[in-house]
There are 2 protein chains.
Amino acid sequence: MTRPAVSSRDLPHPTREEIRLEGVLHALSDPMRLRIVRELAAVGEELSCSHFDLPVTKSTATHHFRVLRESGVIQQIYRGTAKMNGLRRDDLDGLFPGLLDALLDAADRQAVRPKSA
Amino acid sequence: MTRPAVSSRDLPHPTREEIRLEGVLHALSDPMRLRIVRELAAVGEELSCSHFDLPVTKSTATHHFRVLRESGVIQQIYRGTAKMNGLRRDDLDGLFPGLLDALLDAADRQAVRPKSA
DNA sequence: CCCGTACTACGATGCCTATCGTACGAGTCG
DNA sequence: CGACTCGTACGATAGGCATCGTAGTACGGG
């Protein structure tokens, strides 16, 4: 699913061709991860892990970022002490045109709905 | 997540408002269920459970159909001994315009790709 | 009424995963 | 160097889930 790491401190990512729709959907089916992706899309630029104020511990956050990276949804690189996260929009749009936008739009619509019973 | 059953032999479905994006994505993140949905979409009409020739036992198939129903992706009703399955296209399109088509298109594109390493 | 077909229910199993806490490694800045 | 920040690694835990097999229920037809 992922490329081997050539040096320490660099992170294995799937190539574009290795990205699987099922993996992307699974990654996005977790509320915490969907939230991360929505924020990345809204801001439109790379964000450090610590920028996100998630209601989970840091180890759990690390886990979610890894799932997103290994599924091909985000790309991560170290920038000094920070680890920057960016949406792989080009790859996703190339593989699945319109999907990411449809997903983000769906998430936006749901976010506006009454949280409900 | 689902309405209570009023009589035996009728199946609890979530109302349109109860359908959650995360649930839909989770349902579709399983290859077997994605396959079922793709077939339903391709045929465009209701299909009985037994119409599908899935590489799993019938108990497992029952499980997958239930997940799809409880997430709001399909609707199921008994018709004699058969249980018919239909895509809830109106509800999904109403909640998340364009999402279902984008997902089906993405699945089609992936299906054409070399299965790969 | 009896049988066959269609699907379910239940229990078991093994794997995956979301979560945490603690201890650690890598960089940066004084 | 030393301390601080950012993020990781590892182990534990608890719950979810895909799968199976077996036994059972509901319906329709002879």
Without placing hydrogens or testing angles, list every side-chain donor-acceptor pair under 3.5 Å for residues 37-55 of chain B, not counting sequence neighbours.
{"from": "Arg38(B)", "atom 1": "NH1", "to": "Asp108(B)", "atom 2": "OD1", "distance (Å)": "2.4"}
{"from": "Glu46(B)", "atom 1": "OE1", "to": "Arg79(B)", "atom 2": "NH2", "distance (Å)": "2.4"}
{"from": "Ser48(B)", "atom 1": "OG", "to": "Ser50(B)", "atom 2": "OG", "distance (Å)": "3.2"}
{"from": "Ser48(B)", "atom 1": "OG", "to": "His51(B)", "atom 2": "N", "distance (Å)": "3.3"}

Rounded distance (Å) that lies between atom [atom2] of [N] and atom [atom1] of [X]:
{"X": "Met32(B)", "N": "dA18(D)", "atom1": "CE", "atom2": "P", "result": "10 Å"}
{"X": "Arg66(A)", "N": "dA9(D)", "atom1": "CZ", "atom2": "P", "result": "6 Å"}
{"X": "Arg69(B)", "N": "dC7(C)", "atom1": "CZ", "atom2": "P", "result": "13 Å"}
{"X": "Asn85(A)", "N": "dC6(D)", "atom1": "CG", "atom2": "P", "result": "14 Å"}
{"X": "Asp30(A)", "N": "dT17(C)", "atom1": "CG", "atom2": "P", "result": "11 Å"}
{"X": "Gln76(B)", "N": "dC7(C)", "atom1": "CD", "atom2": "C1'", "result": "10 Å"}
{"X": "Lys58(A)", "N": "dT22(C)", "atom1": "NZ", "atom2": "P", "result": "14 Å"}
{"X": "His64(A)", "N": "dC16(C)", "atom1": "NE2", "atom2": "C1'", "result": "14 Å"}

Given Leu100(B) and Asp93(B), is the side-chain contact (heavy atoms from CB on, under 4.5 Å) satisfied, shown in steps?
CA-CA 7 Å; Leu100(B) 184 57; Asp93(B) 286 346; 4.0 Å; yes
Looking for any heavy atom pair under 4.0 Å, which part of the strands does Phe65(A) touch: base, sugar-phosphate only, or nothing?
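No contact.
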Measure from the side-chain heavy atoms of Thr81(B) and tell me the nearest of dA9(C), dC27(D), dA18(D).
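The listed nucleotide nearest to Thr81(B)'s side chain is dC27(D).
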Is there a donor-acceptor pair under 3.5 Å between the side chain of [X] and the backbone N or O of [Y]?
{"X": "His13(B)", "Y": "Gln76(B)", "answer": "yes"}
{"X": "Arg109(A)", "Y": "Leu95(B)", "answer": "no"}
{"X": "Gln110(A)", "Y": "Ala107(A)", "answer": "no"}

Below 3.5 Å, can you tabulate the donor-acceptor pairs from side chains in residues 58-65 of chain A to any protein atom, sequence neighbours excluded?
{"from": "Thr60(A)", "atom 1": "OG1", "to": "Thr57(A)", "atom 2": "OG1", "distance (Å)": "3.2"}
{"from": "Thr62(A)", "atom 1": "OG1", "to": "Lys58(A)", "atom 2": "O", "distance (Å)": "3.1"}
{"from": "His64(A)", "atom 1": "ND1", "to": "Arg33(A)", "atom 2": "NH1", "distance (Å)": "3.2"}

Under a 4.0 Å heavy-atom cut-off, which of residues 34-57 of chain A touch DNA chain C?
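Going residue by residue through residues 34-57 of chain A, the ones with a heavy atom under 4.0 Å of DNA chain C turn out to be Val56(A), Thr57(A).
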Hey, what do you get for CZ (Arg113(A)) to CZ (Arg20(B)), rounding to the nearest 0.5 Å?
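The CZ atom of Arg20(B) is 6.0 Å from CZ of Arg113(A), to the nearest 0.5 Å.
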Less than 4.0 angstrom between a side-chain N/O of His63(B) and OP1 or OP2 of dA9(C), yes or no?
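Negative; the distance criterion is not met.
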Where each residue is assigned the nucleotide of DNA chain C containing its nearest heavy atom, which of His26(A) and Ser59(A) is assigned the position nearer the 5′ end?
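Looking at the nearest nucleotide for each, His26(A) comes out on the 5' side.
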Taking for each residue the nucleotide of DNA chain C bearing the nearest heavy atom, is the 5' side occupied by Arg33(A) or by Arg79(A)?
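Its nucleotide being nearer the 5' end, the pick is Arg33(A).
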